[in-house]
Asks: 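Attaching a single structure in structure tokens format; questions to follow.
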Amino acid sequence: MKYLVTGGAGFIGTNFTRRLAAEADAEIVVLDKLTYAGRRENLADLESSGRIRFFEGDICDPAAAALAMAGADIVVNFAAETHVDRSIDDPSGFVRTDVEGVRVLLEEFRRTAGSLFLQISTDEVYGSVEKGRSREGDPLRPRSPYSASKAGGELLAMSYFTTWGVPVIVTRASNNYGPWQYPEKLIPLFVTNAMEGKDLPLYGDGLNKRDWLFVDDHCSALSAVIGKGRPGSVYNIGSGEEQTNIEVTTSILDLVGADRELIRPVSDRPGHDRRYALDTGLILGELGWRPSVGFREGLARTVKWYEENRAWWEEIKSGRFGEYYRRMYSARLAASGGRD
Ligand code: NAD
Ligand code: DAU
């Protein structure tokens, strides 16, 4: 089976590509633009051993898409701009990659005889869910430029199934965490800041809730969807491990062995979604998938990975990330008596 994995040098794409590479019959091509979030070195061993072929390119570029997709049976589209705060700072790249890039890939896929186009989407498309759990048929109410762009991308993908019978499946996963996550997101930012003895900028009252999914469990769910999912379907993927941000933060500090004084409440993210929660009955019932890593174990494994891979994140944090961090956090930290 020949796979094209787009965005394979990012967080989930790296974990998924490494899992796929363990399957003997998988022929793998990775297409990645290597934005600030893409790290080719994550896959360097697989590339140098010839286990994968790596193309540096943009999913919005039809020529790059055609080259990378040649002969692919299955396309798994992880490529996206993914950080909500950056989408609030400047939505343009989000609309381009997360909507237009999906169209370019779908147009190319429509010309090929591929068996599956898997569009990786997010639980954020449901919007903020104060009570209950979102089901696949619920209305989409995205509230940030990121989630609105992801909703556009997945709706476009499904329109290719409806209009032309293109075999498309959409998955909507909850908040992932684990190895190789870029340190702008809550868990890797707070783990690495705690290791450096820096303040942890907690937004608002810290009571927003997320459903935390260990990345290996997300990848095993995607394998189940690829193996047995029905084209034209949407599958929620979540763990049911709901935690407030303050609970996540104190667990991190305990695991790192850092002082709770590092917690620094700062002004909130505009339009901050209060809660995401998924009903995962469909994937459990239809595909028999269930998560296997609990939050405590997953978080401990994640902290250990960041402890053992300091060079990976220290290089990121010492580069362009510093400028981003100061722009996003300096004033907010200073206003609450903290420092960056
Ligand atoms: P990430 O930001 O770590 O990685 C994104 C990757 O896409 C990077 O390697 C980047 O270089 C690449 N990319 C960006 N624009 C591109 C373009 N125009 N052409 C080619 N490559 C491009 O993201 P992630 O957290 O690994 O998320 C992967 C996918 O999963 C995204 O589609 C995201 O919306 C979705 N998702 C993420 C989460 C989560 O919690 N991280 C949860 C649900 C869904
Ligand atoms: O739910 C799935 C989504 O999860 C994915 O689609 C996105 O790509 C991914 O980025 C993630 O979105 P969130 O906005 O939920 O993740 P983030 O790590 O940015 O924030 C998690 C929570 O932590 C959120 O309530 C905001 C809060 N937060 C975040 C940061 C970066 C803070 O309090 N302080 C911070 O510095």
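Counting convention: from 1, in listed order, for ligands and their atoms alike. These numbers come from a predicted model, not from an experiment. Side chains are part of it too, since the values below use all heavy atoms of this structure and drop only hydrogens, waters and symmetry mates.
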Asks: So which bit of T97 gets within less than 4.0 Å of ligand 1, heavy atoms only: side chain, backbone, both or neither?
Replies: side chain

Asks: Which protein heavy atom lies closest to atom 1 (O) of ligand 2, and at what distance to 0.1 Å?
Replies: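 Here the closest protein heavy atom is D123 OD1, 2.5 Å.
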
Asks: Got an N/O contact under 3.5 Å between D273 and ligand 2?
Replies: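 No.
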
Asks: What are the two closest heavy atoms between V30 and G8, and how far apart are they?
Replies: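 So the minimum-distance heavy-atom pair works out to CG1-CA, 3.8 Å.
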
Asks: Any non-hydrogen atom of M328 lying under 4.0 Å from ligand 2?
Replies: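 No, M328 has no heavy atoms under 4.0 Å from ligand 2.
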
Asks: For ligand 2, find out whether one of its N or O atoms is nearer than 3.5 Å to an N or O atom of W212.
Replies: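 The answer is no, given that W212 and ligand 2 share no N or O pair closer than 3.5 Å.
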
Asks: Ignoring hydrogens, just give me the one of E81, R210, R269 whose non-hydrogen atom is nearest atom 20 (O) of ligand 2.
Replies: R269

Asks: Using a heavy-atom cut-off of under 4.0 Å, does the side chain or the backbone of K150 touch ligand 1, or both, or neither?
Replies: side chain

Asks: Please could you name the atoms of ligand 1 that S121 approaches to less than 4.0 Å, counting only its heavy atoms?
Replies: 43 (C), 44 (C)

Asks: Quick one: which ligand 1 atoms are inside 4.0 Å of a heavy atom on L34?
Replies: 11 (O)

Asks: Would you kindly specify which portion of N208 sits under 4.0 Å from ligand 2, judged on non-hydrogen atoms: side chain, backbone, both or neither?
Replies: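 Within the 4.0 Å criterion, N208 contacts ligand 2 through side-chain atoms alone.
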
Asks: Can you name the atoms of ligand 1, numbered from 1 with element, that are less than 4.0 Å from a heavy atom of I120?
Replies: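 So the answer, numbered in order with elements, is 30 (O), 32 (O), 35 (C).
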
Asks: For the backbone of E247 and the side chain of T250, can you confirm whether one donor and one acceptor N or O come within less than 3.5 Å of each other?
Replies: yes

Asks: I need the nearest protein heavy-atom contact for atom 25 (O) of ligand 1: residue, atom name and distance, please.
Replies: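 Here the closest protein heavy atom is F11 CD2, 3.7 Å.
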
Asks: Can you figure out which of Y182, Y126, Y146, F11 has its heavy atom closest to atom 6 (O) of ligand 2?
Replies: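 Result: the heavy atom closest to atom 6 (O) of ligand 2 is in Y146.
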
Asks: R51 side chain to A21 main-chain N or O, any donor-acceptor pair under 3.5 Å?
Replies: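 Yes.
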
Asks: Please say whether L186 places an N or O atom under 3.5 Å from an N or O atom belonging to ligand 2.
Replies: yes

Asks: For atom 10 (C) of ligand 1, which of T35, V30, V125 has the closest heavy atom?
Replies: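 Nearest heavy atom to atom 10 (C) of ligand 1 lies in T35.
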
Asks: Between atom CD of Q119 and atom CG of L105, what is the distance when rounded to the nearest 0.5 Å?
Replies: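 With rounding to 0.5 Å, CD (Q119) is 8.0 Å from CG (L105).
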
Asks: Do ligand 2 and E124 have nitrogen or oxygen atoms that lie under 3.5 Å from each other?
Replies: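 Among all N and O atoms of E124, at least one is under 3.5 Å from an N or O of ligand 2.
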
Asks: When you compare ligand 2 with N245, is there at least one nitrogen or oxygen pair between them that comes in under 3.5 angstrom?
Replies: yes

Asks: Side chains of Y329 and R264: donor-acceptor distance under 3.5 Å anywhere?
Replies: no

Asks: Could you list which atoms of ligand 1 come closer than 4.0 Å to a heavy atom of Y146?
Replies: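 Checking each atom against Y146, I get 33 (C), 34 (O).
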
Asks: Which ligand 1 atoms, with their elements, are less than 4.0 angstrom from a heavy-atom of S174?
Replies: 40 (O), 42 (C), 43 (C)

Asks: Between E81 and K33, does any side-chain N to carboxylate O distance fall below 4.0 Å?
Replies: no

Asks: Output yes when the distance from some N or O of ligand 2 to some N or O of P201 is under 3.5 Å, and no in every other case.
Replies: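 Yes, since at least one N or O of P201 sits under 3.5 Å from an N or O of ligand 2.
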
Asks: Do any nitrogen or oxygen atoms of N175 come within less than 3.5 Å of a nitrogen or oxygen of ligand 2?
Replies: yes

Asks: Applying ring pair (Phe, Tyr, Trp, His ring centres under 6.0 Å), run through F117 and F161 and close with a yes or a no.
Replies: CA-CA 10 Å; F117 187 99; F161 172 77; over 10 Å; no

Asks: Measure the distance from atom 19 (N) of ligand 1 to every protein heavy atom, then report the residue, atom name and distance (to 0.1 Å) of the closest one.
Replies: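 Atom 19 (N) of ligand 1 sits closest to the protein heavy atom I59 N, 3.0 Å.
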
Asks: Give the atoms of ligand 1, by number and element, whose distance to some non-hydrogen atom of G38 is under 4.0 Å.
Replies: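 Near G38, the atoms of ligand 1 are 8 (C), 9 (O), 11 (O).
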
Asks: How about V234 and M158: do any of their side-chain heavy atoms sit closer than 4.5 Å?
Replies: yes

Asks: Looking only at distances, can you tell me whether any N or O atom of N176, backbone or side chain, sits closer than 3.5 Å to an N or O atom of ligand 1?
Replies: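 N176 vs ligand 1: N/O contact under 3.5 Å present.
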
Asks: Say you draw a straight line from CZ of R141 to OG of S147; how long is it, rounded to the nearest 0.5 Å?
Replies: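 Taking CZ in R141 and OG in S147, the distance rounds to 13.0 Å.
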
Asks: Report yes or no: does A9 have a heavy atom closer than 4.0 Å to ligand 1?
Replies: yes

Asks: State, to 0.1 Å, how close G114 and P167 come at their nearest heavy-atom pair, and which atoms those are.
Replies: O-CG, 3.8 Å

Asks: Does the side chain of Y36 come under 3.5 Å of the side chain of H83 through a donor N or O and an acceptor N or O?
Replies: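 No pair is found: no donor N or O on one side chain lies under 3.5 Å from an acceptor on the other.
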
Asks: Going by the order shown, which atoms of ligand 1 are within less than 4.0 Å of some heavy atom of A80?
Replies: 5 (C), 7 (O), 14 (C), 31 (C), 32 (O)

Asks: So for Y182, does at least one of its heavy atoms come nearer than 4.0 angstrom to any atom of ligand 1?
Replies: no

Asks: Can you tell me if N236 and T280 form a side-chain donor-acceptor pair at under 3.5 Å?
Replies: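 There is no such pair (donor and acceptor under 3.5 Å, judged by atom type) between the side chains of N236 and T280.
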
Asks: Can you tell me how far SG of C219 sits from CG of D217, rounded to the nearest 0.5 angstrom?
Replies: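 Reported to 0.5 Å precision, the distance equals 9.0 Å.
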
Asks: Below the 3.5 angstrom mark, is there an N/O of E184, backbone or side chain, next to an N/O of ligand 2?
Replies: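 In fact, backbone or side chain, E184 has no N or O that close.
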
Asks: Under the 3.5 angstrom rule, does the side chain of R274 hit a backbone N or O of E130 as a donor-acceptor pair?
Replies: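 Pair absent, no side-chain N/O of R274 close to backbone of E130.
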
Asks: Should you measure from each heavy atom of K33, which atoms of ligand 1 turn up under 4.0 Å away?
Replies: 16 (C), 17 (C), 18 (N), 19 (N), 20 (C), 21 (N), 22 (C)

Asks: Heavy-atom contact check, 4.0 Å cutoff: does G57 meet ligand 1?
Replies: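 Yes, G57 has a heavy atom closer than 4.0 Å to ligand 1.
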
Asks: Using distance alone, with no hydrogens and no angle criterion, decide if W312 and N42 have a side-chain donor and acceptor under 3.5 Å apart.
Replies: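 Short answer, yes.
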
Asks: Have a look at ligand 1 and work out which part of T82, if any, has a heavy atom under 4.0 Å from it: side chain, backbone, both or neither.
Replies: side chain

Asks: Do K317 and N193 have side-chain N/O donor and acceptor atoms under 3.5 Å apart?
Replies: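 N193 and K317 do have a side-chain donor-acceptor pair below 3.5 Å.
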
